[in-house]
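What you see is a predicted model, and the numbers here were worked out from it, not measured in a lab.
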Amino acid sequence: MTQPVASPCISVCQMDEQIGLCIGCFRTIEEIAFWSRLSDDQRLKVLLAVERRRREHDPHGCSTGGDLRGECEREA
């Protein structure tokens, strides 16, 4: 039996009102709310969107000093 696709949550749950994404995992509130009910195929599509959003909104990770990427706070 295969494991379900894991959530991208990093336990930094805060929505950025300007872009409508969680600053930790780059998901929308709808994607977060429905995650447990999504099929693995749907979860993979969300993960692809998360990666695209991460590149778009935080291309250099926390080195830019922006508000996104919750792990920056955890590593400090």
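- The minimum heavy-atom distance between P4 and R43, with the atom names listed, is CB-NH1, 3.7 Å.
- If you chain together hydrophobic residues whose side chains sit under 4.5 Å apart, I32 and I10 never meet in one group.
- Side-chain contact between S7 and R27 is present, with heavy atoms from C-beta onward closer than 4.5 Å.
- How far CG of L21 is from CE of M15: 6.0 Å, rounded to the nearest 0.5 Å.
- Cluster annotation: L44 is connected to L38 through the hydrophobic network of ILVMFWY side chains, with a link wherever side-chain heavy atoms come within less than 4.5 Å.
- Put simply, CD on E17 and CD1 on I23 are 11.5 Å apart, with the number rounded to the nearest 0.5 Å.
- To the nearest 0.5 Å, atom CG of residue D16 and atom SG of residue C22 are 9.5 Å apart.
- Closest non-hydrogen pair, C25 versus P8, comes out as CB-O, 3.6 Å.
- Ion pairing of E56 with R53 is absent here, as no side-chain N (NZ or NE/NH1/NH2) approaches a carboxylate O to less than 4.0 Å.
- Within the 4.5 Å cutoff, no side-chain heavy atoms of L48 are placed close to those of E51.
- Checked against side chain to side chain contact (heavy atoms under 4.5 Å, CB included), E30 has the following partners two or more places apart in sequence or in another chain: T28, F34.
- To the nearest 0.5 Å, atoms CG (L47) and CZ (R54) are separated by 9.0 Å.
- Between F26 and E31 the shortest heavy-atom distance is O-OE1, 4.5 Å.
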